[in-house]
Amino acid sequence: MIRLYDTVRGEVRDLTLRSPGRVSMYVCGPTVYDLPHLGHGRFTLVWDVARRWFTFQGLSVHYVSNVTDVDDNIIARANLESRTESDVAAQYEKEWWDAMTRLGVARPDDTPHATHYIEGMIDLIASFLDRDVAYVTSDGVYFDVSSVPDYGLLAGQPLESLRAGARVEGSDEKRSPLDFALWKNAKPDEPSWPAPFGDGRPGWHTECVVMALDLLGEGFDLHTGGFDLKFPHHENERAQAEAAHKSFARHWAHHGFVMVGGEKMSKSLHNFTSLTDLLDKTDPRAYRLLVLRSHYRSPIEVTPSIIADAERALDRLDTLARRFQLSVLGGDNFELASSHAWEDESLELYERVVASMNDDLNTPFAVAELFEALTAANLMADEGHGASARRLAQSINALFGALGLSLLAGSHVTDEVTEKLVIERDAARLSKNWADADRIRDELVQRGWIVEDGASGTVIRRS
RNA sequence: GGCGGCGUGGCCGAGUGGUUAGGCAGGGGCCUGCAAAGCCCCGUACUCCGGUUCGAAUCCGGACGCCGCCUCCA
């Protein structure tokens, strides 16, 4: 049984599935108006890991993540750069998927776009107006939050106390500061769609309700996003579903932020590092390992030295892959738990990792178990138990693969000169000509290789 | 103001009341021609003050500090 923290209840509880063996999950995706930042990288990794883990465990996963391609920020950028909104959205969506590919984040099964769901949103808004849970103002249509009795459930606060803290905005026609825009009336130079209640464009909170219900259906299993989406975004999604008399997500889970110097990373604070930038400078697997080594609900700090730390840890994993010539798992290629042979040490490892992962996705503990197993595998091999060491290493590989982390034995592509140097060095070592052997080693190092003396002679790999 | 979370060894980071989390860095050792890789050993931490308990990082109360949400935001 998989247990997961539930935001509504404020505690870890069983993830009960709508239909056994199948997980339906909706993850709030990006608004495509700028390069993805580290925070986006984190959340996509966190839920990619969850998805992979569910799959690994034999569940059939339906993973939906939206792309918001109409919004104020996109419009602002388009106007600033004298481009069309769709041009801006297309550019940054491409940047998004490029970054996801490099991160090793698997494509969602569905990636609905807000602009493809305008009709459904209009229908929903019209039904709200019919039923008097929404009202028209001079600038659009607003949802009346007081029409939902348990509004504030996700925020953990009743409507009254939320209202008390709400910032008061100038003079608008909203009945409550918490009421939110379902539809924004068309303005010059803005994209708009015809609607019975006036031409315009949808507000942000409506798209996810319509798309989630369309693709996953009522009572889908899991809805996730960052803590900042808990309120008001998710609360407002839920409120709309309630008002539409549709059962919505059974389970809500939220992940922690990426911090910069103790503060939340965000575009509005201008303290973000682009994910693209990080991926250009480091092994993308380092970020995945970093994310795995902290709990998804905790904040993480991402600095160059912390990334470097993860890269060094990665070296040890790759050394294992090299030592046992492990095949590359992870990415699009991974084993299912049921197809791997778990026995002895492997079985113990597997059971511990399962216990950790199924306990609210405790990836840090799972990774700790894997590192302990790594030491054990090396020790077994050192002591001459090659076969069992190799079996354990393969299991470690399979489990990291299930978390989306590929262990790489590294490339052995060399050139003639390098090959010649290796042969010369082996000859020198054989004749105990240490001076020449060391000189050649220095030369190989200068050419960018790390040199190790293996049982069968000089072994090189890229530094 | 309301609600929520966090304060762990040099750094990162888990932690179910009593037994070594794990990683990185550092020190010592084994192995090695020397290295590298690997393995072994070492630091014995838990913001502070009370309380409960035979025993608390872990439970309760309080203090201090930090962070998040209540506005666009992953």
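These values consider heavy atoms only, across backbone and side chains, with no hydrogens, waters or symmetry-generated copies. Quantities reported herein were computed from a predicted structural model and do not represent experimental measurements.
Using atom P as the reference point in both B:C46 and B:A21, the two lie 13 Å apart (nearest Å).
Across all strands shown, A:G29 has heavy atoms under 4.0 Å from sugar-phosphate atoms exclusively, and none from any base. A:R441 comes within 4.0 angstrom of a nucleotide base, judged by non-hydrogen atoms across all strands. The residue A:F371 sits close only to the backbone: its heavy atoms come under 4.0 Å of sugar-phosphate atoms, none of a base. A:V27 comes within 4.0 angstrom of nothing in the nucleic acid, heavy atoms only. If you check every strand for non-hydrogen atoms under 4.0 Å, A:S305 touches nothing.
Taking only side-chain atoms of A:H205, from C-beta outward, the nucleotide of B:C34, B:G38, B:C72 with the closest atom is B:C72. Which of B:A14, B:C11, B:G38 sits closest to the side chain of A:H295 comes down to B:A14. Of the candidate nucleotides B:G23, B:A14, B:C70, B:A14 has the atom nearest to the side chain of A:P364. Between B:C11, B:C40, B:A37, one nucleotide has an atom nearer to the side chain of A:T375 than all others, and that is B:C40. Out of B:A74, B:G13, B:G38, the shortest distance to the side chain of A:F43 is found at B:A74. Closest to the side chain of A:I450, out of B:G23, B:A36, B:G2, is B:A36. Nearest to the side-chain atoms of A:F257 among the listed nucleotides B:A74, B:G2, B:A36 stands B:A74.
Between A:F371 and A:E369 the shortest side-chain heavy-atom distance does not fall below 4.5 Å.
In this entry B:G55 has no Watson-Crick or G-U wobble partner, no candidate having both defining distances under 3.5 Å.
If you take NE2 of A:H255 and P of B:A74, they are 9 Å apart, rounded to a whole angstrom.
A donor atom on one side chain and an acceptor atom on the other are not found under 3.5 Å apart for A:E311 and A:T282. For A:D110 and A:H62, the side-chain atoms include at least one donor-acceptor pair closer than 3.5 Å. Neither side chain, A:E345 nor A:S388, offers a donor N or O lying under 3.5 Å from an acceptor on the other.
OP1 or OP2 of B:A74 has at least one side-chain nitrogen or oxygen of A:H40 nearer than 4.0 Å.
Nearest-nucleotide positions on RNA chain B for A:G165 and A:S268 put A:G165 closer to the 5' end. Map A:A164 and A:Y296 each onto its nearest nucleotide of RNA chain B; the residue landing nearer the 5' end is A:A164.
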